[in-house]
Amino acid sequence: MARVIKNKELVNTRLAANYGGWMYCEKCNENIGYLCYSTYDKLELSYKCNCGSQGSVLLDFEDSRIGQSCNDDLVVIKNRFCCSKDSEPLITILDKKVLSYEMKITCKSCERIYQKQKK
Ligand SMILES: [Zn+2]
Ligand SMILES: [Zn+2]
């Protein structure tokens, strides 16, 4: 079932599909991570690629809920950040490909907003 996008802002970044799949730095074409299509409600990501390029992604949907901040950490299952409440797989950031990043991602199923960063 396709979702209706509300906001989509990609800076120096390319997505393999409309609102998910592999994410690539547009300057060096390296993949920097993977966004799961159907499990997130909103993503705000900014990162600095190993090549020095600064990229960002903002995505949400017409039916996205506002969500609630939480202090829990995402859990890592097979390289993927997952919701610690319901284990929904959300996103992979390839740590070795980026110098730093900051993200906020909302789990669609429990509406919790996770924050994660690497400095
Ligand atoms: Zn790059
Ligand atoms: Zn969840």
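Every residue two or more places apart in sequence or in another chain that forms a side chain to side chain contact (heavy atoms under 4.5 Å, CB included) with Asp86 is listed here: Cys83, Glu88, Cys107, Ser109, Cys110.
Between the Asp60 side chain and the Asn7 main chain, a donor and an acceptor come within less than 3.5 Å of each other. Of the possible donor and acceptor atoms, none in the side chain of Tyr19 sits under 3.5 Å from a partner among the backbone N and O of Lys8. In this structure, the side chain of Lys6 does not engage the main chain of Ser64 through any donor-acceptor pair within 3.5 Å.
Under 4.0 Å is where a charged nitrogen must lie from a carboxylate oxygen, and between Asp72 and Lys85 no such pair does.
For the pair Thr39 and Lys108, the minimum side-chain heavy-atom distance is 4.5 Å or more. You'll find the side chain of Lys116 reaches within 4.5 Å of the side chain of Phe81, heavy atoms only. Using a 4.5 Å cut-off on side-chain heavy atoms (C-beta onward), Cys51 and Cys25 make contact. Side-chain atoms of Leu15 and Leu59, non-hydrogen and from C-beta on, do get closer than 4.5 Å to each other. Contact annotation: the side chain of Ser84 approaches that of Arg112 to within less than 4.5 Å [non-hydrogen atoms, C-beta and beyond].
Glu62 CD: more than 12 foreign heavy atoms inside a 6.0 Å radius. Environment of CD1 in Ile77: crowded, with over 12 heavy atoms of neighbouring residues, nucleotides or ligands closer than 6.0 Å. Within 6.0 Å of the CG atom in Asn71, the count of heavy atoms belonging to other residues, nucleotides or ligands does not exceed 12.
Minimum heavy-atom separation, Cys82 to Pro89: SG-CA, 3.6 Å. Looking at every heavy atom in both residues, Leu35 comes nearest to Leu90 through CD1-O, 3.9 Å. Among all heavy-atom pairs drawn from Arg80 and Thr92, the shortest one is NE-OG1, 2.9 Å.
Aromatic ring pairs are classed by plane angle as parallel below 30°, tilted from 30° to 60° and perpendicular above 60°; the pair Phe61 and Tyr40 is tilted.
Under a hydrophobic clustering in which Ile, Leu, Val, Met, Phe, Trp and Tyr are joined whenever their side-chain heavy atoms come within less than 4.5 Å, directly or via other members, Ile5 and Tyr37 fall into the same cluster.
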Under 3.5 Å, side-chain donor or acceptor atoms of residues 96-106 against the rest of the protein: list the pairs with distances, not counting sequence neighbours.
{"unit_1": "Lys97", "atom_1": "NZ", "unit_2": "Glu30", "atom_2": "OE1", "d": "3.1"}
{"unit_1": "Lys97", "atom_1": "NZ", "unit_2": "Asn31", "atom_2": "O", "d": "3.2"}
{"unit_1": "Lys97", "atom_1": "NZ", "unit_2": "Asn31", "atom_2": "OD1", "d": "2.8"}

Using atom types as modelled, flag every donor-acceptor pair under 3.5 Å from a side chain in residues 41-49 to any protein atom, sequence neighbours excluded.
{"unit_1": "Asp41", "atom_1": "OD1", "unit_2": "Arg3", "atom_2": "NH2", "d": "2.9"}
{"unit_1": "Asp41", "atom_1": "OD2", "unit_2": "Arg65", "atom_2": "N", "d": "3.2"}
{"unit_1": "Tyr47", "atom_1": "OH", "unit_2": "Thr13", "atom_2": "OG1", "d": "2.8"}

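Here the straight-line distance linking atom OH of Tyr114 with atom CD1 of Ile91 works out to 14.0 Å at 0.5 Å rounding. Rounded to the nearest 0.5 angstrom, Leu94 CG and Tyr34 OH are separated by 12.0 Å. Atom CZ of residue Arg14 and atom NZ of residue Lys27 lie 13.5 Å apart, to the nearest 0.5 angstrom. Ile66 contributes atom CD1, which lies 9.0 Å from atom CD1 of Ile113 (distance to the nearest 0.5 angstrom).
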